[in-house]
Amino acid sequence: MTCTPLPAEFADLVASARTRPGPLVVLTGAGISAESGIPTFRGPGGYWTAKAGEHASEKLRPEALATWAAFSRMPEEVWRFYLYRRSVCRRAEPNAAHRALVELERALQDRFLLVTQNVDGLHRRAGSSEARTYEIHGNLNRMRCPNAPGEEKPRMIPEALLDWPRERAFDDEARRLLRCCPGGTLARPHVLFFDECYDEATYRFRSSLQAAQHAAMLMVVGTSGQTNLPDQMVRHAAARETPLVVCNLDESPFTRLARDRARGLVLRGKAAQLVPAMAEAIARSWA
Ligand code: OAD
């Protein structure tokens, strides 16, 4: 693997974390999948910066679509948005950063935990294990019953709906395949909507917070730091002086927090270039 050179401070931080109890916790966001060709949320061309019509619904802006309020009023319109996004993600391939985290998990085993905000499923497709990957915002490939929160394992959405162009209208095939139970109501996407709260059963809220509290080191990759659970995770770790390294293209609340701390470091750049080098250095030091 060809790796980007990292500053000496990174090796020092990794070495200082090696003998601390707890796992390496890696927290990822949309930036890690940007080089796989998946739009981020708040960047140029991002899902939340788009206008109505740019991402599947002619009626509502994407940010308004991604809510329980919208789903309960117009489930088919909301499903079009998620099915379209799912087809974008399924056409994309995991990149070098996703693959490097798989290798790092293999090297560290139970000293590794991945917490991802991404619903694109690329970490799992690259080979990250189900047991050590918490998908805290859900997964676009899955659906679940809207009336039984946390009671069933979300099911795979049928492959027959994989090809979903932006302009495709919701049809009888989708209506049939997305049913919760025979003759029942429509299932919902297995994704946290804006007007919903995290919980443990579906989104691993408590487990993720505890992991951050007990981490030997926290590595944050490609997130603007706008959501609640990641914000709490990073703040808890920082309050305990846990070594914190943030890899991001732009400034964020997390880069500012890391820069303010003695045991913090910011690596500005693209995840697919930096994460392989970071993963290799950690594996070499900790294994
Ligand atoms: P954002 O779109 O808010 O932020 C992406 C971050 O990745 C930005 O800070 C970019 O600078 C950075 N970035 C972009 N390309 C990068 C690259 N190649 N390498 C490294 N960094 C790069 O996405 P998130 O922070 O993931 O939630 O958004 C968090 C959550 O907000 C999402 O999971 C979604 C959204 O609402 C739900 O849908 C529930």
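The residues of the chain are indexed from 1 along the displayed sequence. All ligand and atom numbering here is 1-based and tracks the order in the structure.
- Per-residue contacts place Gly29 under 4.0 angstrom from the following atoms of ligand 1 (heavy atoms of the residue considered): 26 (O).
- Contact annotation: Pro230 has no heavy atom less than 4.0 Å from any atom of ligand 1.
- Distances from ligand 1 to the non-hydrogen atoms of Glu35 include at least one value under 4.0 Å.
- Considering both main-chain and side-chain atoms, Gln226 never comes within under 3.5 Å of ligand 1 through any nitrogen or oxygen pair.
- Here Gln117 has heavy atoms under 4.0 Å from ligand 1 in both its backbone and its side chain.
- The nearest non-hydrogen atom to atom 9 (O) of ligand 1, considering only Ile136, Val275, Asn248, Asp250, comes from Asn248.
- Between Ala30 and ligand 1, at least one N/O pair is under 3.5 Å apart.
- Near Thr227, the atoms of ligand 1 lying under 4.0 angstrom from a non-hydrogen atom of the residue are 29 (C), 30 (C), 31 (O).
- For Ser252, no heavy-atom contact with ligand 1 is shorter than 4.0 Å.
- If you number the atoms of ligand 1 from 1 as listed, the ones under 4.0 Å from a heavy atom of Leu192 come out as 39 (C).
- Under 4.0 angstrom from ligand 1, the non-hydrogen atoms of Phe194 all belong to its side chain.
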**Asked** Given Glu103 and Arg106, is the salt bridge (charged side-chain N to carboxylate O under 4.0 Å, His left out) satisfied, shown in steps?
**Response** CA-CA 5 Å; Glu103 285 178 32; Arg106 284 196 190 122; over 6 Å; no
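- Two rings, from Phe71 and Trp68, have their centers less than 6.0 Å apart.
- Checked against a 3.5 angstrom limit, the closest N/O atoms of Leu249 and ligand 1 fall inside it.
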